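Values below: all heavy atoms of this structure, side chains included; hydrogens, waters and symmetry mates excluded. In this text the structure is predicted, and so the values were computed from the model without any measurement. One-based numbering along the sequence shown.
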Amino acid sequence: MLLALLLLAAPVPPDVASRLVGGALTSGVAYSRLEELTDTIGPRLSGSAGAEAAVRWALKKFQQDGLAARLEPVKVPHWVRGEESGEVLPAPGIAGHPLALTALGNSVGGTVTAEVIEARSLSELGQSARGKIVFFNHSMTTPAGYGQFVELRSHGPSAAARAGAVGMLVRSLATASLRSPHTGMTGYDPEVQKIPAAAVSTEDAELLHRLLQRGAVRARLSLGCRMLPDADSANVVAEVRGREKPDEVVLLGAHLDSWDLAQGANDDGAGVAMVMEAGRLIASLPQRPRRTVRIVLFMNEENGLAGGKAYAAAHQAELARHVAALEADSGAGRPLSIRLHAGEGGRALLRPWLSALDGLEIPLEDGDASGADLGPMSTSQVPLVLVHPDGTHYFDIHHSAADTFDKIDPENLAKNSAAIAVVAWALAEMPEPLPRPPQPEHEPQDAPRPAAHR
Ligand SMILES: [Zn+2]
């Protein structure tokens, strides 16, 4: 009896802890993989040569790590940016100013020259917008502001077009900027004229705001972007097969695509490197875990979510046997906590299995653990887990040309990898799976929604 209690209190074999945590903290593999992905392959927007190179690279790395890996086909939108520029036109009392801007993902191209009007919400546009460029301004200063203001980017172009506007600018959704515009997906209401839409840097948003206090401002916006026919691409899927219950799956996800403006080191190269490292470490254990650990590198999270939708559709029949899912798409800051979204009692069940992380001070808590690519499987009530990193500076570089490898702290990347490896192993090894969370409340299906990930 005493022995049984002791075993219950410490179910994690010491060599598992040292191989997973010690391995992640000392190997440097996640960091060097991320350097390869960002410097050798570079930007990975869906449909681009970079995205396809990343697919082939990831497949090969998984195979080298001893995982069974395959590609699952996904049709993706293929949007290209082209040349782009903009300027404030000189007028009496106003110098000409170039605008640091970049097209929003999925925007139509075109050149418009018109008077600018400023708006702060989607609903305040009246007939005054007719024939003008609507400039959506906002006051995002913290990461929480992203959720608050992202609708200006995602729904702004159609709101402006509905009021008769010919072009749309939005202040970058950023917490800091050195005059780099931050892109992101937008969507068009099919009933309304599609107008060119771009983000301006926060500094240029301030300039427009100041100039508009003084009088009329005219601007030119030239976007060379266009949508090409859908392209063939793939999710990369790799597995460590479970030794007892191979049909029960713990899913670890990240997205392989990135925006085209930079290397996508934080978004989401870091997540890719973390889940690959977790897979590599678990595959290197002397004994495979009870259940299957499946790593999915999703394609097209940024401008369509085609990979997440394709995965949920192709695996519909086995989602009831997905015992947990984790998406790493929140950057590579210091891990602050492990968030769990499961049924009643889930946290108490999982906690003893995370003892290998005791030295890292990453507490387990209940909370929002969603990920954009996991959204399409939400009706299957899969328990969700999130290793939640410090996101204080995430939106300083998010979706901008500054999302580069030098921003990654190797120690924090390693700690996140360790936490993901331990969580995945625990979920795959616990005798009983976590209780499933209650059915989510119905969400209305309205206009296209943005990839509102962190
Ligand atoms: Zn992302």
Side-chain angles (χ1 to χ4, degrees), residues 44 46 58 72 74 143-144 146-147 150 154 184-185 235-238 249-259 264 266-279 293-315 319 322-333 335-342 346 362 364-391 394-395 398-399 416-417 419-421 423-424 427 434 436-437 440 443 449-454:
R44 305 173 296 284
S46 294
E72 295 189 353
V74 182
Y146 190 75
V150 72
S154 51
M185 181 181 168
N235 291 333
V236 187
V237 180
V249 174
V250 175
L251 188 156
L252 301 182
H255 66 87
L256 197 49
D257 63 307
S258 77
W259 281 107
N266 247 288
D267 189 10
D268 183 24
V272 167
M274 289 172 201
V275 296
M276 288 180 95
E277 178 67 346
V293 175
R294 178 181 294 168
I295 294 129
V296 182
L297 302 183
F298 294 98
M299 182 51 65
N300 188 231
E301 187 274 346
E302 295 292 5
N303 64 329
L305 217 59
K309 291 173 188 165
Y311 182 87
H315 296 270
L319 291 181
H322 278 46
V323 300
L326 172 154
E327 181 159 20
D329 184 20
S330 313
L336 300 178
S337 65
I338 295 164
R339 285 193 193 157
L340 179 65
H341 175 71
I362 315 175
L364 179 64
E365 60 187 23
D366 291 321
D368 177 15
S370 57
D373 293 299
L374 306 180
M377 63 176 79
S378 63
T379 52
S380 298
Q381 295 164 273
V382 179
L384 300 176
V385 195
L386 178 76
V387 173
H388 169 57
D390 182 351
Y394 185 76
F395 287 101
H398 180 251
H399 295 182
N416 279 286
S417 306
I420 292 170
V423 168
L427 292 163
L434 294 175
R436 295 173 92 79
E443 285 183 28
R449 292 158 66 93
H453 63 92
R454 288 289 317 271

- Query: Would a distance-only check, ignoring hydrogens and angles, find a side-chain to backbone donor-acceptor pair under 3.5 Å from Glu365 to Ser337?
  - Reply: no
- Met299 versus Ser46: any side-chain heavy-atom pair under 4.5 Å? yes
- Message: So does Gly333 get a backbone contact from the side chain of Asn416, meaning a donor-acceptor N/O pair under 3.5 Å?
- Response: yes
- Message: Any heavy-atom pair between the side chains of Asp267 and Asp329 that's under 4.5 Å?
- Response: yes
- Counting distance only, does the side-chain N/O of Asp257 pair as donor-acceptor with the main-chain N or O of Glu301 below 3.5 Å? yes
- Query: Looking at Ala424 and Val293, what are the two nearest heavy atoms and their distance?
  - Reply: O-CG2, 4.2 Å
- Identified side-chain contact (heavy atoms from CB on, under 4.5 Å) partner of Met274 from the options Pro389, Pro335, Ser417: Ser417
- Item | CD1-CD1 distance between Ile338 and Ile362, expressed to the nearest 0.5 angstrom | 5.5 Å
- Item | Worked check of side chain to side chain contact (heavy atoms under 4.5 Å, CB included) between Leu374 and Val382 | CA-CA 9 Å; Leu374 306 180; Val382 179; over 6 Å; no
- Message: Run Phe298 and Lys309 through side chain to side chain contact (heavy atoms under 4.5 Å, CB included) and show every step you take.
- Response: CA-CA 10 Å; Phe298 294 98; Lys309 291 173 188 165; over 6 Å; no
- Close side-chain approach of Tyr311 and Asp373, heavy atoms under 4.5 Å: no
- Message: Please check this pair: side chain of Gln381 against backbone of Pro437, looking for a donor-acceptor N/O pair closer than 3.5 Å.
- Response: yes
- Minimum heavy-atom distance Gly391-Pro143, with the two atoms named: O-CG, 3.5 Å
- Message: Just so I know, are the side chains of His315 and Met377 near enough to count as touching, which here means a heavy-atom distance under 4.5 Å?
- Response: no
- Item | Minimal non-hydrogen separation, Ala328 against Ala254, with atom names | O-CB, 3.6 Å
- Message: Strictly distance-based, threshold 3.5 Å: is any side-chain N or O of Asp268 a donor or acceptor partner for the main-chain N or O of His255?
- Response: yes
- Item | Gly264 versus Ser258, closest heavy-atom pair with distance | CA-CB, 3.9 Å
- Test Ile420 against every option in Leu386, Leu252, Val385 by the side-chain contact (heavy atoms from CB on, under 4.5 Å) rule and name the one that passes. Leu252
- Message: For a quick test of reading the model, state the closest non-hydrogen atom pair linking Val74 to Gly307 and the distance between them.
- Response: CG1-N, 3.7 Å
- Message: Can you give me the closest heavy-atom contact between Met185 and Glu302, atom names plus distance?
- Response: CB-O, 3.4 Å
- Item | Main-chain N/O of His388 paired to Arg339 side chain as donor or acceptor, under 3.5 Å | no
- Query: Is there a side-chain contact between Val275 and Leu297 (heavy atoms, below 4.5 Å)?
  - Reply: yes
- Query: Hey, mind stepping through Leu427 and Leu326 against side chain to side chain contact (heavy atoms under 4.5 Å, CB included) and telling me if it holds?
  - Reply: CA-CA 11 Å; Leu427 292 163; Leu326 172 154; over 6 Å; no
